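Remember, it's a predicted structure, so these values are computed and weren't measured experimentally. Convention: sequence-line order gives letters A, B, ...; per-chain numbering from 1.
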Amino acid sequence: MHVHERTRDMSDQSDAVQAEADKLWRIRHSASHILATAIQEMFPEAKFAIGPPIADGFYYDFDLPRPLSTEDFDEIEGRMKAVVKANQRFERDEWSKADAREFFADQPYKLELIDGIEGDTVSIFKNGPFTDLCAGPHVGRTKQCKHFKLLKVAGAYWRGDENRPMLQRVYATAFAKRDDLDAHLHMLEEARRRDHRKLARELDLFDFNKLSPGAIFWRPKGWASYLQLQAYFREIEQKNDYVEICNPILYSKELFEQSGHWDHYRDHMYIIRGGSESEEAGEESHNVTYGLKPMNCPDTMLFFGSKKRSYRELPMRVAEFGMLHRNELAGALSGATRVRQFCQDDAHIFATEEQIPGEIDNVLALVDQTYSMFGLDYHFELSTRPEDFMGEVEVWDAAEDALKTAIDSSGRDYKINEGDGAFYGPKIDIFLRDALGRTWQCATIQLDFQLPRAFDLTYTTADNSERTPVVIHRAIAGSLERFFAVLLEHFAGAFPTWLAPVQVKILSITDDQADVAWEIARDLRASGVRVEVDDRSEKIGKKIAEAEVSKTPYMFVIGKREAEAGNVAVRTWTEGRRGVMAVADVKAEILERIANRTLDAKVEVSAISQLAAAADEADAAPPEY
RNA sequence: GCUGACGUAGCUCAACUGGUAGAGCACUGGUUUUGUAAACCAGGGGUUGCGGGUUCAAGUCCCACCGUCAGCACCA
């Protein structure tokens, strides 16, 4: 029932692979009609919207007289099975628009879809009692859609517009073979197991508290890792000629009026009227309206403008790890990936227009370097001018061209995200995928001609005239909280040694080895290694089990033999039992791995993310109707 | 914010159609001194998210609020 012409060039795929993908596509598309058939039986008054195949399955949007819940799934699936068993034929027909309008007279969504179709006729597909406006293609008969499963029901706005009615969307999946369906459901289960919120609780990294919704409460272990991650990005900056500043998080609204945030971003900001509720507070603080900064750019503009600047200083790369606050809608929050308080590995590069391509190339290189170091899978998108933009269209066009040229010449693949730029400039965004296959924007490169003007920033050129610099906003991790969450899922909680909260656990076999264990621990700690000693009077098997569950990279087991010889029996997360080693040797190895940030972790690319990535490749075209 | 679901001990979960809250792990005390994935005994711990309501009686039913989850919309 939807147009899904494959627009992309498929020459890079073998015909067999393509045929397989097309078949799956048709099965899911047909399964969505079977779902609609069941719904029509249950609710004769149901209004039907759209029901396209998607990356991992399909959905159908309905307008129903009552809310559906998962308790209805048994009945719906039962009716769907009956439709499959009846082995109805999918028959295509072509109707005049007039006939279609008459047939769908009480189907407002279908009527709207008909209005949007070009030409005088529309394509119709029928199976048994169900007739739908649909471009196809479908499988021949319903029996080809045996292996399906309803997954969830949720609200979805008609045509994705929050001002239009909210429909009920049933998500489901379907496969050609029973085994494929089972494998997929198993993967969903696995994905839940590596959910960062679950891992964070189990590994004692961070948690949440309703006293500050959308904020992370870091615990010692999580914070230890977070600081390592931040240190990495700080090091990247230092090695690439960035300077770092640190500015306030609370500003008079004047700053945001000047930056444009007051006009374009106020709804997402925390505004504080008056400085204090106390009667004792000074009059001045009562009369000023403050805002918590949602971005670091305004105060970085202040920094640049704080004195006369020379062209010799450009490009000037200014980093800041400021705490940002954004008043996100309650429904938008999602663990650590979408929060209201976070910190970015943020930097603003002040440059001449000629320096733009080189600077963008530098940032792209840092993105590649960092993401490949973590073994992450990522993709690029170019976001263009939004509706609510600042400045002139010509300047925007120039900025978009500059970004496009830079990314084109780098030879990277990317897709275009129309109208998704920041209010001050277009951007290249880099997306990562979480355990559940959802993509998250992480790295970002934004080109900005607006803020330097808004702050009247200039530098003195070689011929002693004043010019306005261009600003490149960039972040490699983006939100460190989000990046941390993605890494946590990526490694399923088992960080490489350099990033692990506890890098070594020293386990004594009897109380007699406690002193030696602590001696080794003190020595390692003096070298900067994060060590814990388990000298409880527990059996070694239990200590090992707990250390394994906590996914600690190194375990040193010390019994009488090791203590006497200056050795430890080493176990590692990745290799298991390693054998007896001299303390000095294993210490050297650990220090080397930490210094090199070795990727000594098992990175199993989750099957679901592979699958979702493959689906992206296949380029799920948005349904027209 | 919208639609739906959910909220019981620190964690994971029990408690039939309303009858007055229980287990494992964790924690505390003790016994055990242990050789590579989980010893034993005992104990403490919950105004069942918060506030109303219905009822002789509410973890269970109703309402409102807070929070969480999925999706939509928004976005780093």
Side-chain angles (χ1 to χ4, degrees), chain A residues 59 61 64 66-72 151-171 192 195 197-198 201-202 204 207-214 265 267-268 294-295 324 326-346 383 386 420 422 427 429-432 436 438 440-444 446 473 475 477-483 485-486 507-514 535-549 555-562 569-571 576-580:
Chain A
Y59 66 80
D61 287 348
L64 302 175
R66 70 161 174 91
L68 287 177
S69 86
T70 48
E71 285 168 19
D72 295 307
L151 297 175
K152 52 200 173 195
V153 55
Y157 298 109
W158 168 234
R159 299 230 138 162
D161 184 344
E162 62 180 325
N163 298 311
R164 309 202 64 182
M166 178 160 273
L167 308 171
Q168 298 194 64
R169 175 172 295 178
V170 176
Y171 280 97
R192 275 188 277 277
D195 186 310
R197 291 160 292 207
K198 186 172 155 63
R201 209 169 30 243
E202 289 169 357
D204 205 20
D207 67 346
F208 299 90
N209 190 308
K210 69 162 64 169
L211 293 175
S212 187
Y265 209 78
D267 288 349
H268 296 281
M295 300 180 191
L324 307 179
R326 298 186 187 175
N327 194 1
E328 302 290 353
L329 294 173
L333 301 179
S334 178
T337 44
R338 187 77 183 271
V339 291
R340 291 189 174 128
Q341 303 182 44
F342 61 101
C343 175
Q344 295 177 312
D345 66 320
D346 206 2
S383 296
D420 210 34
K427 51 185 189 167
D429 290 324
I430 293 87
F431 287 80
L432 290 174
L436 297 173
R438 301 178 292 200
W440 295 98
Q441 185 190 320
C442 293
T444 186
Q446 311 175 353
H473 306 240
S479 153
L480 291 179
E481 285 74 1
R482 171 179 292 180
F483 195 75
V486 171
L507 318 177
S508 55
I509 288 181
T510 74
D511 295 352
D512 293 338
Q513 287 86 46
D535 60 358
R536 293 173 304 168
S537 301
E538 294 285 355
K539 294 179 76 169
I540 191 64
K542 174 162 185 163
K543 295 184 184 185
I544 287 169
E546 287 186 9
E548 288 287 346
V549 167
M555 272 176 253
F556 295 174
V557 176
I558 304 182
K560 194 170 174 215
R561 294 195 295 272
E562 290 78 11
V570 177
R571 272 182 84 111
R577 204 166 166 172
R578 243 296 190 85
V580 174

Between A/Ser508 and the options A/Glu538, A/Gln513, A/Lys543, the side-chain hydrogen bond (donor to acceptor under 3.5 Å, both in side chains) test singles out A/Lys543
Quick note, A/Gln441 side chain, CB onward, closest among B/A76, B/U36, B/A73 is B/A76
Walking RNA chain B from its 5' end, the first of A/Asp511 and A/Ala422 to be reached, judged by nearest nucleotide, is A/Asp511
>> I'd like the C1' distance from B/A64 over to B/C27, given in whole Å.
In response: 37 Å
Below 4.0 Å: OP1/OP2 of B/A70 and any side-chain N or O of A/Arg438: yes
Output row for RNA chain B, stems defined as at least 3 consecutive Watson-Crick or G-U pairs under 3.5 Å, is B:1-7 with B:66-72, B:10-13 with B:22-25, B:27-31 with B:39-43, B:51-53 with B:61-63
Considering only atom C1', compute the distance from B/U31 to B/G18 and round it to an integer number of Å. 45 Å
B/S/- along nucleotides 3-18 of chain B (protein heavy atoms under 4.0 Å) is BS------SS------
The residue among A/Leu68, A/Leu151, A/Asp61 that forms side-chain contact (heavy atoms from CB on, under 4.5 Å) with A/Val170 is A/Leu68
A/Asp161 atom CG is separated from B/G1 atom C1', nearest whole Å, by 14 Å
Here the distance between atom C1' of B/A70 and atom OH of A/Tyr59, to the nearest Å, is 16 Å
Taken to the nearest whole Å, CZ/A/Arg192 to P/B/C69 is 15 Å
- Query: When you compare B/G4 with B/C50, how far apart are their P atoms, in angstrom units rounded to a whole number?
  - Reply: 24 Å
Electrostatic pair A/Asp429-A/Lys427, nearest N-O below 4.0 angstrom
yes
Q) Is it the case that A/Gln341 and A/Ser212 place a side-chain donor and acceptor less than 3.5 Å from each other? A) yes
Walking RNA chain B from its 5' end, the first of A/Val570 and A/Phe208 to be reached, judged by nearest nucleotide, is A/Val570
Worksheet item: Step by step, would you call A/Asp207 with A/Arg201 a side-chain contact (heavy atoms from CB on, under 4.5 Å)?
Response: CA-CA 6 Å; A/Asp207 67 346; A/Arg201 209 169 30 243; 5.8 Å; no
Less than 4.0 angstrom between a side-chain N/O of A/Arg197 and OP1 or OP2 of B/C69, yes or no? yes
A/Leu329 atom CG is separated from B/C69 atom P, nearest whole Å, by 15 Å
Rounded to whole Å, the NE2-P distance (A/His268 to B/A73) equals 15 Å
Using a 5.5 Å cut-off between ring centres and planes within 30 degrees, is A/Phe342 stacked on the base of B/A76?
yes
Practice prompt. Indicate whether OP1 or OP2 belonging to B/A26 is found under 4.0 Å from a side-chain N or O atom of A/Lys542.
Written response: yes
Taken to the nearest whole Å, CD/A/Glu538 to P/B/A38 is 12 Å
Provide the distance between the two C1' atoms, one in B/A58 and one in B/G53, to the nearest whole Å. 11 Å
Scanning both residues in full, the closest heavy-atom pair of A/Ala422 with A/Gln446 reads CB-OE1, 4.1 Å
Rounded to whole Å, CG of A/Asp535 lies from P of B/U34 at a distance of 16 Å
Between CZ of A/Arg164 and P of B/C2 the distance, given in whole Å, is 20 Å
- Does a side-chain N or O from A/Arg536 land closer than 4.0 Å to OP1 or OP2 of B/U28, or not? no
